[in-house]
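A short worksheet on the structure shown next.
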Amino acid sequence: MARQELLQDVHEEEQAWTLSELYEQPFLWTVVDEGVYAIGPFLPHHPGGRELINRAIGEDVTVLYHTHHTSERVDRILEQYRIGHVARNASRAAPRPPRKRRPLQEELNRRIG
C-alpha cells in the first residue's frame, strides 16, 4: 500500500486501528499521542538517523517523541504521515507480540550514558 493511498484515506475519514490490526500490517508504523503514523517513507530523512527511528517501528513512542521533538515544525512533518488513531481500549485489549526489551530506549540511554 503506497503512502499516498494511505494518506488519501485519512482525509476522507480517519481510521481507528487496533494494535492487533497494526501488528498485521505490511507497512512501518509508530504511535504518538494515540495517532498512528506510517513512517516508512520518512526513515531515510530522519535527522536523528535511521538507526534510531527504526527502533520506533511498531512502538508507542509518545514520551520519547515529546522529549526529543519540541518544535511545531516537527509536529507538522509528523502529521504528513498520519493514517489514523489507536482505537479506544485497543492498548488494553490487544495482545502485544513478545518483546523483552525496548530497543529505542536502550539505544538512547546508551548514547546519553
Side-chain angles (χ1 to χ4, degrees):
M1 183 177 295
R3 174 177 171 260
Q4 191 64 14
E5 292 171 15
L6 291 170
L7 296 177
Q8 182 178 357
D9 290 345
V10 171
H11 298 294
E12 293 171 10
E13 184 176 316
E14 186 170 87
Q15 182 170 351
W17 296 87
T18 66
L19 292 179
S20 294
E21 291 170 330
L22 285 169
Y23 290 132
E24 295 174 4
Q25 297 306 310
F27 57 87
L28 305 177
W29 58 271
T30 194
V31 173
V32 175
D33 293 326
E34 297 188 20
V36 178
Y37 301 89
I39 59 171
F42 182 69
L43 294 180
H45 308 289
H46 184 253
R50 189 175 178 138
E51 180 184 343
L52 286 177
I53 197 169
N54 274 345
R55 295 168 188 239
I57 295 168
E59 299 280 345
D60 182 332
V61 294
T62 299
V63 173
L64 290 170
Y65 176 84
H66 290 295
T67 300
H68 297 283
H69 304 92
T70 58
S71 77
E72 290 180 17
R73 179 178 174 269
V74 173
D75 292 338
R76 286 192 302 271
I77 292 169
L78 180 65
E79 281 304 309
Q80 294 174 28
Y81 299 91
R82 187 176 177 116
I83 58 167
H85 62 275
V86 176
R88 296 264 183 224
N89 298 321
S91 61
R92 293 181 210 110
R96 180 185 181 92
R99 184 180 236 162
K100 294 183 179 177
R101 56 190 184 96
R102 312 259 316 170
L104 179 59
Q105 288 176 324
E106 288 178 9
E107 179 65 20
L108 290 172
N109 287 339
R110 186 185 67 75
R111 288 185 182 199
I112 294 171

query = If every non-hydrogen atom of Glu21 is compared with every non-hydrogen atom of Gln25, which pair is closest and at what distance?
reply =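 Here Glu21 and Gln25 meet closest at O-NE2, 3.0 Å.
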query = So, for Asn54 and Leu43, which heavy atoms are closest and what is the spacing to 0.1 Å?
reply =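 Closest approach of Asn54 to Leu43: OD1-CD1, 3.5 Å.
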At what distance, to the nearest 0.5 angstrom, does [atom1] of [X] lie from [atom2] of [Y]?
X	Y	atom1	atom2	answer
Ile53	Ile39	CD1	CD1	4.5 Å
Leu78	Thr30	CG	OG1	8.5 Å
Leu64	His69	CG	NE2	9.5 Å

ask   = Does the ring centre of Trp17 sit less than 6.0 Å away from the ring centre of Tyr23?
value =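 No: the rings miss the under 6.0 Å criterion.
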query = Above 12 or not: heavy atoms from other molecules or residues under 6.0 Å from CD of Glu34?
reply =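 No, CD of Glu34 has 12 or fewer neighbouring heavy atoms, counting only those of other groups under 6.0 Å.
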task = From the options Asp75, Asp60, Thr70, Asp33, select the one residue that forms a side-chain hydrogen bond (donor to acceptor under 3.5 Å, both in side chains) with Tyr65.
result =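 Single side-chain hydrogen bond (donor to acceptor under 3.5 Å, both in side chains) partner of Tyr65 among Asp75, Asp60, Thr70, Asp33: Asp75.
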ask   = Once the angle between the rings of Phe42 and His46 is folded into 0 to 90°, is it parallel (under 30°), tilted (30 to 60°) or perpendicular (over 60°)?
value =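 Phe42 vs His46 ring planes: perpendicular.
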ask   = Do Glu79 and Tyr37 have a side chain donor and acceptor closer than 3.5 Å?
value =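 The answer is yes; a qualifying pair exists.
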